[in-house]
Structure formats: C-alpha cells, structure tokens
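Just below is one structure, and these are the notes that go with it.
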Amino acid sequence: MRRIAIGERPGWRASARANGFTFHTLDGAPYWDESHAYAFTLGEIERDIEAPGTELHALCLAFVADAVEDARILASLAIPEAMWDVVRTSWRRGDPSLYGRLDLAYGGEGTGPAKLLEYNADTPTALYESAVFQWLWLEDLLRLGRVPAGSDQFNAVHERLIERFRAVGGTSLALAAYADAPEDRGTVAYLEDCARQAGLATRFLDLGDIGLAANGAFVDRTEAPIATLFKLYPWEWAFADAFGAALAATPTRFLEPPWKAVLSNKGLLPHLYAREPGHPNLLPAYFEDDPQKARLGTSFVKKPLFSREGANVLMVRDGAVLAQDHGPYGAGGHVRQALAELPCFDGRHALVGAWIVGDACVGIGLREAAGPITTDAALFVPHVILPG
C-alpha cells in the first residue's frame with residue numbers, strides 16, 4: 001500500500017456531472033480528490049482486507065443471533081426496551097440485509113493486520129463514489145495510459161448490489177432520505193438505480209413524505225402503502241421518533257432491517273472483543289463504565305455509542321490528548337478502544353472502508369484526513385491494484 005501521485009483527469013468535473021456525482025464538492029470544499037491515489041498489491045487486498053472483512057461480518061452475524069435473545073446485551077447497546085421485540089422479530093423472521101461498511105486501520109503489508117475501528121452497518125455513505133466513480137476513474141486512466149495495463153481495483157460493489165436487490169426479492173421499493181442533503185440524496189439515487197436494474201419498481205420519498213395508515217402500514221403522501229422501505233435514517237432515530245411505536249405491528253419491511261441496530265453502534269466493539277479476544281483484526285475494547293478499561297492504559301480512543309463522521313471522538317496517546325472532535329453525540333454512553341492510529345502517508349491519514357454486500361466483502365473506498373480522526377472534512381481518494 002502506498003500513496004502515488006496521479007494528477008487529475010482533464011474534464012473530470014464534467015464527467016462527475018454527467019454521471020450524477022453532484023456532491024464531489026460539498027459546501028465549497030473538495031470531497032473527491034484524484035490528484036493522487038492509493039496503490040495496493042493483489043495480496044494485500046485478498047489476504048489483508050477481503051478475507052478478514054468477510055470473516056468479521058460473519059462474526060457480527062453470530063453476535064446478532066445471541067444478542068437478540070439476551071436482554072443484557074440489548075440494554076448495553078442502548079436499544080430502547082420497547083424496541084427489543086422489533087429487533088428480535090426482525091432477526092428471527094430472517095429479514096435480509098443489503099450492505100454495510102467496515103472501517104479499518106490498515107497500512108499495507110508489513111504493518112500488521114487490518115484492525116476494525118467500527119462497523120457502519122445501518123446508514124453508510126461514500127457508496128456511489130466507491131462503487132461507480134472510482135471505477136470510471138480507473139477506466140479513464142487505463143485508456144489514457146496513466147496506469148500500467150492490467151491495473152485493477154477491488155470493486156465488485158455495483159454488480160453485487162444489483163444481485164443483492166434481486167435476492168432480497170419483492171417487486172417494489174420505496175427509498176427515503178433527506179432530499180435537501182446532497183450526499184444522502186446522491187447515495188439513495190444510486191441505490192434506486194441499482195434496484196431498478198434488478199427489476200424493482202422504485203420511488204423516492206423525502207423522509208417528511210412518510211405517514212402512517214390506520215392499519216399500521218407506512219404510506220406516502222398519496223396514502224399508497226409502502227411494502228418495503230430503504231431509509232437513510234438511523235435506527236436509533238427511528239426508534240425514538242413519533243412513528244417508533246408503530247414498528248412492532250407494521251406490515252412494512254425495511255432495508256436495513258431492525259436487527260441491524262445491534263451492529264450499528266460502537267457497543268458492538270467490546271462485545272466482539274469479549275467473544276474473540278485473540279482475533280487478529282479486533283482491538284481490545286470495553287464499555288466506559290467497565291473497570292477493565294484500565295487494561296488499555298494511557299493510550300486509547302473514547303467513542304460515543306452513537307456518532308457519525310468522527311464526532312465526539314477522543315484520542316489519547318501516552319496520557320496526552322492526540323486529537324478530539326466535538327459534536328452532538330454521547331448521551332447514550334461511550335466505549336473505550338485500544339488506540340490504532342491510521343497510517344500516515346505524506347502527512348495524510350488514510351482510512352480503509354471495506355464494503356459488505358449481502359455477506360461478503362466486495363470492495364473498498366478510502367477516506368483521507370489531515371488529522372488522525374476521520375471527520376466530515378475527509379476526502380475520498382480512489383485506489384488501484386497495480387500488476388506485478
């Protein structure tokens with residue numbers, strides 16, 4: 001793994017517009033950066049990311065099977081007790097999952113195994129740029145002769161998403177997000193396109209367009225029932241909002257399903273470590289109220305159970321604050337995880353996001369930050385597998 005100078009393609013912004021990548025720049029600041037890329041060997045991808053990613057997801061599924069039957073675990077994850085049966089029934093019913101993203105600290109061969117930092121199992125973004133736009137970037141570079149013939153990318157995300165939509169079944173799908181949030185809207189627009197290619201009839205709904213019928217079904221503004229809803233709206237928010245009480249009886253099914261609430265908070269991390277303390281891809285982790293957290297000593301990361309884009313994360317190295325990000329999260333509790341600093345290339349810190357579609361690791365996307373915490377200011381940088 002190394003950071004290589006590539007140089008921007010001529011006219012890439014026009015290509016982004018033509019391909020629906022409307023959020024390559026957010027609030028006037030760049031988000032997509034193709035002035036350079038991260039290069040991997042095939043062995044690094046297959047051995048250090050793909051295989052461990054699939055295995056970590058399998059460990060997570062085994063944990064869900066136990067967690068839904070254990071009130072102590074559900075309580076530790078700050079899932080409201082009134083929602084336990086919703087989560088439990090969803091798992092027992094076999095509600096399918098679509099996708100997720102494992103965030104990994106990994107610096108290449110010789111730097112040790114990739115370490116799981118967290119699992120974005122419910123509402124992960126950075127999907128379109130991972131699945132489509134970085135692939136278009138590679139195709140252009142091959143055509144322009146700016147990477148060697150035979151260069152590739154770990155990226156089967158697009159094809160696997162379409163296959164997964166077919167496997168999930170059904171004939172129609174409503175997709176919801178905040179329509180005025182460019183990244184969320186772009187992510188959902190991309191998923192809608194994948195669903196259509198899989199043969200599903202789709203419609204987009206702003207989250208404010210969703211209502212509740214007398215029979216408990218979720219409906220749109222025309223009062224048409226929603227059989228299956230993909231929502232870019234976290235389960236912890238859904239559980240707490242006005243419609244949360246309707247989830248137990250509604251005939252509407254969801255992507256991601258309610259059981260994903262077990263995996264979509266940082267409380268997953270100490271539970272996984274307790275189950276598999278010797279696993280090479282897991283970091284020691286404890287709940288903040290667990291006296292065993294002292295085992296981590298003076299170097300650790302403190303994270304809220306629920307947070308996004310690095311908000312409210314505290315990083316401590318040798319007793320001194322290494323980095324801290326502020327934000328609105330933390331009321332639900334915290335975990336403490338062993339410090340695994342992101343690798344630094346040319347002064348930039350790279351985070352590997354490993355995409356899970358269905359039950360397999362099928363691709364990666366990289367975010368690059370100026371500091372050790374990956375915040376909403378981090379850039380998306382493409383990657384390439386070089387031959388030889």
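Values in this document were obtained by computation on a predicted structure and should not be read as measured data. Throughout, numbering of the chain's residues begins at 1 and tracks the sequence.
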Minimum heavy-atom separation for [X] and [Y], please, with both atom names.
| X | Y | value |
| --- | --- | --- |
| L173 | A195 | CD2-CB, 4.0 Å |
| P124 | A121 | CD-C, 4.4 Å |
| P225 | V219 | CA-CG1, 3.8 Å |
| G244 | M83 | O-CE, 3.5 Å |
| L232 | Y99 | CD1-OH, 4.1 Å |
| R101 | T125 | NH1-O, 2.9 Å |

Identify, with sequence neighbours excluded, every residue that meets salt bridge (charged side-chain N to carboxylate O under 4.0 Å, His left out) alongside [X].
| X | answer |
| --- | --- |
| D376 | none |
| E139 | none |
| K303 | none |
| D209 | R221 |

Just so I know, are the side chains of [X] and [Y] near enough to count as touching, which here means a heavy-atom distance under 4.5 Å?
| X | Y | value |
| --- | --- | --- |
| V384 | L141 | no |
| I373 | L342 | no |
| L104 | L116 | yes |
| R253 | P96 | no |
| R308 | P234 | yes |
| N155 | W355 | no |

Kindly work out whether a path of hydrophobic side-chain contacts (I/L/V/M/F/W/Y, heavy atoms less than 4.5 Å apart) joins [X] to [Y].
| X | Y | value |
| --- | --- | --- |
| W32 | V381 | no |
| F345 | F40 | yes |
| L386 | V352 | no |

is_close_aromatic([X], [Y]), centroid dist under 6.0 Å:
| X | Y | value |
| --- | --- | --- |
| W137 | F133 | no |
| H24 | F380 | no |
| H271 | F287 | yes |

To the nearest 0.5 angstrom, please state how far the [atom1] atom of [X] sits from the [atom2] atom of [Y].
| X | Y | atom1 | atom2 | answer |
| --- | --- | --- | --- | --- |
| C60 | Y119 | SG | OH | 6.0 Å |
| Q337 | L269 | CD | CG | 5.0 Å |
| Q153 | I364 | CD | CD1 | 8.0 Å |
| I162 | L200 | CD1 | CG | 11.5 Å |
| L98 | C194 | CG | SG | 8.5 Å |
| Q134 | L366 | CD | CG | 8.0 Å |

Exercise for the section: Please confirm whether R185 makes a cation-pi placement over F23, using NZ or CZ under 6.0 Å from the six-membered ring centre and within 45° of the ring normal. Expected result: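 The answer is no; the distance or angle limit is not met.
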Problem - Those residues that, when tested against L61, pass side chain to side chain contact (heavy atoms under 4.5 Å, CB included) (two or more places apart) - result: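 Applying side chain to side chain contact (heavy atoms under 4.5 Å, CB included) to L61 gives H57, W91, W259, D359.
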Handout entry: Selection residues 268-278 - residue pairs positive for salt bridge (Lys or Arg N to Asp or Glu O under 4.0 Å), sequence neighbours left out
Key =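 Passing the test, one end in residues 268-278: D66-R275.
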Problem - Side-chain (R367) to main-chain (A378) donor-acceptor, under 3.5 angstrom - result: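 Judged by distance alone, yes, a pair lies under 3.5 Å.
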Problem - Electrostatic pair D70-R72, nearest N-O below 4.0 angstrom - result: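 Salt bridge between D70 and R72, a charged N being under 4.0 Å from a carboxylate O: yes.
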Handout entry: Test log, rule side-chain contact (heavy atoms from CB on, under 4.5 Å), inputs E129 and Y31
Key = CA-CA 10 Å; E129 48 271 41; Y31 166 61; 2.4 Å; yes
